[in-house]
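Okay, so here's the structure we're looking at.
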4 protein chains.
Amino acid sequence: MSEKDQSIYRQMIDTLGESENMTQKQVKILEAAIEIISEKGYYNTSTSEIAKRAGVAEGTIFRHYRTKKDLLAAIITPVITDFSAPLFAEKFVDEVFRKSYTSIEDFLYAFIKNRFEFAKANVPLVKILLQELAFHPDIQASYKKVFAEKVYPAINNVLDYYKGKGEVKDLPNQTLIRLMAPTVLGFLITRFLLQPDLDWEDDLEIKRTIEFIMRGIGKV
Amino acid sequence: MSEKDQSIYRQMIDTLGESENMTQKQVKILEAAIEIISEKGYYNTSTSEIAKRAGVAEGTIFRHYRTKKDLLAAIITPVITDFSAPLFAEKFVDEVFRKSYTSIEDFLYAFIKNRFEFAKANVPLVKILLQELAFHPDIQASYKKVFAEKVYPAINNVLDYYKGKGEVKDLPNQTLIRLMAPTVLGFLITRFLLQPDLDWEDDLEIKRTIEFIMRGIGKV
Amino acid sequence: MSEKDQSIYRQMIDTLGESENMTQKQVKILEAAIEIISEKGYYNTSTSEIAKRAGVAEGTIFRHYRTKKDLLAAIITPVITDFSAPLFAEKFVDEVFRKSYTSIEDFLYAFIKNRFEFAKANVPLVKILLQELAFHPDIQASYKKVFAEKVYPAINNVLDYYKGKGEVKDLPNQTLIRLMAPTVLGFLITRFLLQPDLDWEDDLEIKRTIEFIMRGIGKV
Amino acid sequence: MSEKDQSIYRQMIDTLGESENMTQKQVKILEAAIEIISEKGYYNTSTSEIAKRAGVAEGTIFRHYRTKKDLLAAIITPVITDFSAPLFAEKFVDEVFRKSYTSIEDFLYAFIKNRFEFAKANVPLVKILLQELAFHPDIQASYKKVFAEKVYPAINNVLDYYKGKGEVKDLPNQTLIRLMAPTVLGFLITRFLLQPDLDWEDDLEIKRTIEFIMRGIGKV
DNA sequence: AATGAATGAGAATTCATTCAT
DNA sequence: CATGAATGAATTCTCATTCAT
C-alpha cells in the first residue's frame, strides 16, 4: 500500500467516489488540482494547467465544478468537516468519557499521534487549508462554524473533565487552548511543511512536545 | 502621537522617505498598498485599486516600482531585514552578553514585550508577511537568508549562553526553537489577527505565555 | 378542454406527433423549448436548460434536432406555414369568393376574430416568431417565401375584389396593407404581449379596431 | 454634409464626446458596435469583432464599458432618453399649447415628419432599439420609466386638448394611442426596416398615413 | 515626474455538439 | 432510442504593464 493510498485525500476521493459516483476524470481533476494548488497556491494555478495535468479538457472541470472556487471548496471542505472536526469531536471525546484515557497525557498522546498521522498522509491538503483559509471568506466561515459548533465545545468538555480531576492548571480554557494549539500545530507545520527534509526522530519529538505542553499546563 | 505614527510602517516610510528621497506620491502608494493588500491579499488587489486609493495615476506606481511584485517586495523586505532581524540580532543579543538580562526569563520578557509592541503597531505588515510568504519564493529566499545568517545564529548563542548557566533544559536548540517560536507567534497571531476584538488582558497573557515556556524549557 | 389543449401549439404537437411519429420525449422537448425560449429568447436559452425542463438527457435533443437552430426552426416553421398562411389563403379567401362575406367589414371581422383567437391560444409561439424573426435569416427567408407566394397574392385578390365592389378606397394595395396590417398586429401585440394584464373588453376593442380601419380605407 | 453627419447617432457621439470627453477610440468603438449590432443583433456580435472593426484592442472596450451589456445600454439609453422622450414631451407638447398647431392634423403632421426624419437619420439605432428591447429587462425598465413619466402624460395632455376642441372622437386615450401608434410605427418600420429599397414617395405616404389616422380618430 | 488611455496576453467560463455505452 | 460525460472552440472579461503626452 503506497503512501498515497493511505492518505485521507485518497480516502476522500474514494469516499466521494463511492457516494457521489465520481467519474475517473473527476478524480483526475481533484488529484491534479490538489497537487498544483498545494505547490503554487490557488491564484497561481490556472484551470487550464489543472486540466492539462489531469489529462482532461478544460471544459470538463466546469462540468463538475461550477467555478474554480467551487473546486477549491470541494477540496477544502471535506478536510474541515469530514476529517478535522469529526475525528476530534467523536472519536476522542467519547473515549475520554469512556475512561479510555486515564490521564490527559494519554489523551494528548493519542490525539497528537492521530493528528500527526493525518498530517503525514495529507501534506498537500493541509498545506492548501493553511494557505488559502486567509483569502476565502466563505471557506473561512464554514471553518468557523465547524470550529464553534463542534471542535470548541468538545475541547472545552475535555479540559473541564481533566481540570475536575485536578490534572490541569486552573487557567481559562481560552488561554489553555491558545497555548496548546500552536505548540501542536507548530510541530506539525515545522515537521511537514517547513523542514520536511530534516532527519526527524518523530517519536522522540512527539514525546518532547507532550512533555512541553504537560509541564506548561499540568498541575504541580 | 497617533498609533499610526508609532508604527514601524510609519517609521519605514519615514526612513525610506529620508534615505531614498521618496516623494509624497510614493508614500501614498505604499500606504494604500499596505492597507489593501493586508485586507484582501496580494492577488485580490489590483494596481488600479491601489492607484485609486493612493490618489495617483496607475502609471505612477510603475514609475516607482517596476512591477507589482516589486511593490510587494518593497513592503515586505523592510519588515524582514530592517526590523525583524536587527532587533533580534543586535539589540537583544548584545544586551544578553552585557548581562542586562540576569535570567532567560528576563530576556524572554523583554523579547516578547518588544515583539508584542512591534506587532501591535504593525498589524497590516505582519499580516502581509505571514500571508504572502508562502506564495513568493523570491521573498521566501530573502527571509531564509536573513534567518539563517542573522536570526538563527543569534538565537543559538543566546540559548547556549543560558544553557551554560544551567537555566535551560538540555534539548537540541532546534527543538527548543520549534517549541518556543510557535508559542510566541501563536500568541501574537491570536491576539492581533484571529481574535483582536476579544477583551485581552495583555500583561497577564504575556506573563502566562512566559510561564508556559519557562516550565517547558526551564530546568526544574 | 384546457386552454393549452385548444392551442395551436397543442395542435401542432398533435399533428406532428401523428404524422411524424413523435415520441413523448420529443413532445416534451418541444414544449419545454417553446416555454423557455418564449420567456427568455433563443440566445438566452441553453439546450441543457431545455433538456432539464423537458426531463430528458441533453443528447436526446440532438437525436431529434440536428442543431439548436433546427429546433427553433421546428418551432417557428409550422407557425408560418401550417397555420399562418393556410388559414389566410385557404379558409378566408375561398369564403370571400363563395360570397360568405357580404362586405369587407364582415370579412375583416371574421379575419381579425380568427387571428385574435389564434394569438390568444398561442401567445408563446407568436412571441417567439416576432422576437426571433429578426435574427435568423434562414427563417426570415422561409417567411418571405410564404408571404410572397401565398399571403400576399391572397390579400391582393381580396382587396381587388372589394375594390371592384366599390367598398375600398382606390389606394395601392401596398399602401392599404401597410396601413391595415400594423393596426391589426398592433392590437394583438398590445393585447397579448405588452399589456396582457389590463382589463380588456375584447369584443369592444375588436369592433373599434375594425371601425378604425374601415373609416381609413373605406369609400365614403 | 453626409447622411451620417446628420444622424442623431452622429449627434449622440458628438454630444457625449463634448460632455464626457470621449476619446477617439471610444467613438470608434461606439460606431463599430452600432454598425455590427444593428446588422446582426447583440448576441451574434462578439466584442472581439467590435474591437476589430473599431481598430482597437479588445481590452479597450472594457476600459470604457465595464461589460458588453453596458456598451449596449450606452447605445440604447440615449436613444430613449435624450431623443425619444424629450422631443415628444417638450418640443411638440409645448407647441400645442402655444397654439402653434391649429389642428390635431397639423400636430400630427409635424410629429410624424419629425419622427420620420429621426428614423431616417438613425436607422441602425432604431433597429437596435426595436430588436433588443425584448431581451434586456433592465433596458426595458428604463424605457417603461421614460414612457410612463414623460411620454404618456404628454400624449394624454395633447389628446385631451384636442378632444376639448371637438377634433377627436370620444374614445379612451388608451384606445386612441393603441390605434395611432402602430400606424405611425408600422409606417416607419416598413419604410426603413422592412422595405427600405422600395421606391417610396415619402410625402405622399406621410399624407396618406395622416389621412388614415384622421379618419379613424377624427370627429365626423 | 506624472498621467491615464491603450494594450494584449491570459484567465475563467459557457455551451452546442459528439460519442461511447 | 436514450443517456450524459466529455469536448474544445469561442466568448467575455481582467489587469499588469507600456508609452505618448
Side-chain angles (χ1 to χ4, degrees), chain A residues 21-26 28-29 43-51 54-71, chain B residues 21 23-26 29 42-52 54-71, chain C residues 21 23-26 29 42-52 54-71, chain D residues 21-26 28-29 43-51 54-71:
Chain A
N21 243 336
M22 262 185 170
T23 340
Q24 260 199 341
K25 302 241 169 191
Q26 199 166 348
K28 286 280 182 203
I29 290 168
Y43 290 107
N44 287 314
T45 302
S46 71
T47 51
S48 92
E49 199 180 353
I50 295 172
V56 150
E58 204 172 348
T60 306
I61 293 177
F62 292 92
R63 258 208 146 256
H64 295 292
Y65 306 95
R66 253 175 13 76
T67 67
K68 188 188 170 192
K69 194 149 272 179
D70 279 7
L71 172 58
Chain B
N21 241 335
T23 58
Q24 256 201 343
K25 303 237 169 195
Q26 200 165 348
I29 290 168
Y42 177 80
Y43 290 107
N44 289 314
T45 301
S46 69
T47 50
S48 91
E49 199 180 353
I50 295 171
K52 202 170 293 161
V56 151
E58 208 171 345
T60 307
I61 292 178
F62 292 90
R63 183 155 297 278
H64 295 293
Y65 305 94
R66 247 177 18 78
T67 67
K68 187 187 171 194
K69 195 149 273 178
D70 279 5
L71 173 57
Chain C
N21 241 337
T23 57
Q24 258 200 343
K25 303 236 169 196
Q26 201 166 347
I29 290 169
Y42 178 79
Y43 290 107
N44 288 313
T45 300
S46 69
T47 50
S48 91
E49 200 180 352
I50 295 172
K52 203 171 292 162
V56 151
E58 210 172 344
T60 307
I61 292 178
F62 291 90
R63 182 156 296 278
H64 295 292
Y65 306 94
R66 247 175 18 77
T67 68
K68 188 188 172 192
K69 195 149 272 177
D70 280 5
L71 172 58
Chain D
N21 243 336
M22 262 185 172
T23 341
Q24 261 199 340
K25 303 240 169 193
Q26 198 167 350
K28 287 278 181 203
I29 290 167
Y43 290 107
N44 288 313
T45 302
S46 70
T47 51
S48 92
E49 199 181 352
I50 295 172
V56 148
E58 202 171 350
T60 307
I61 293 178
F62 293 92
R63 254 205 149 258
H64 295 293
Y65 306 95
R66 257 178 7 81
T67 66
K68 189 189 169 192
K69 194 148 273 176
D70 279 6
L71 173 57

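Note on naming: letters A, B, ... go to the chains in the order of the sequence lines (proteins, then strands), and numbering restarts at 1 for each one. Everything numeric in this text was worked out from a predicted model, so none of it was measured.
Distances shown here put a side-chain N or O of B/H64 below 4.0 Å from the OP1 or OP2 atom of E/dA2. Proximity of A/T47 to the phosphate of E/dA11: no side-chain N or O atom is located under 4.0 Å from OP1 or OP2. At the phosphate of E/dC15, neither OP1 nor OP2 sits under 4.0 Å from any side-chain N or O atom of C/S48. The phosphate of F/dA6 (OP1 or OP2) has a side-chain N or O of A/T23 nearer than 4.0 angstrom.
Between the P atom of E/dA6 and the CD atom of B/E58 lies a distance of 14 Å, rounded to the nearest Å. Rounded to an integer number of Å, the gap from CG of D/N44 to P of F/dA10 is 15 Å. Atom pair A/M22:CE and F/dG4:P shows a separation of 18 Å (rounding to whole Å applied). At whole-Å resolution of the value, CD1 in B/I50 and C1' in E/dA2 are 17 Å apart. Rounded to an integer number of Å, the gap from CZ of D/F62 to C1' of E/dA11 is 13 Å. Distance B/E49 CD to F/dC15 C1': 12 Å, rounded to the nearest Å. For the pair A/I29 CD1 and E/dA12 P, the interatomic distance rounds to 14 Å; values are reported in whole Å. As rounded to whole Å, 16 Å separates atom P of F/dA5 from atom CD1 of A/I61.
Checking E/dA2, F/dT7, F/dA2 against the side-chain heavy atoms of A/K25 singles out F/dT7 as nearest. For B/K68, taking side-chain heavy atoms from C-beta onward, the closest of the listed nucleotides E/dT13, F/dT17, E/dT17 is F/dT17.
Remark on DNA chain F: of its neighbouring residues A/V56 and C/A57, the 5'-side contact belongs to C/A57, judged by nearest-heavy-atom nucleotide. Remark on DNA chain E: of its neighbouring residues C/T45 and C/R63, the 5'-side contact belongs to C/T45, judged by nearest-heavy-atom nucleotide. Between C/T67 and D/G59, the residue anchored nearer the 5' end of DNA chain E, judged by the nucleotide with its closest heavy atom, is D/G59. Residue whose closest nucleotide on DNA chain F sits further toward the 5' end, between A/T60 and D/R66: A/T60.
Here the OG atom belonging to B/S48 is positioned 8.5 Å from the CZ atom belonging to D/R63, to the nearest 0.5 angstrom. Atoms CG and CD, on D/L71 and D/Q26 in that order, are 10.0 Å from each other to the nearest 0.5 Å. Between the CG atom of A/D70 and the OG1 atom of A/T67 there is a distance of 3.5 Å, given to the nearest 0.5 Å. A distance of 10.0 Å separates NZ of A/K25 from NZ of A/K28, quoted to the nearest 0.5 Å. Taken from CD1 in B/I61 to CZ in B/R66, the straight-line distance is 15.0 Å, to the nearest 0.5 Å. Distance check, rounded to the nearest 0.5 Å: OH of A/Y65 to CD1 of A/I29 gives 6.5 Å.
Residue contacts shown for C/S46 are limited to sugar-phosphate atoms, with no base heavy atom under 4.0 Å away.
Pairs of Watson-Crick or G-U wobble type, with distances under 3.5 Å, assemble into runs of 3 or more in DNA chain E at these ranges: E:2-21 with F:2-21.
Checking side-chain atoms of C/K68 against main-chain N and O of C/Y42 turns up a donor-acceptor pair under 3.5 Å.
In this structure, C/K69 places its NZ atom where more than 12 heavy-atom neighbours from other residues, nucleotides or ligands lie under 6.0 Å away.
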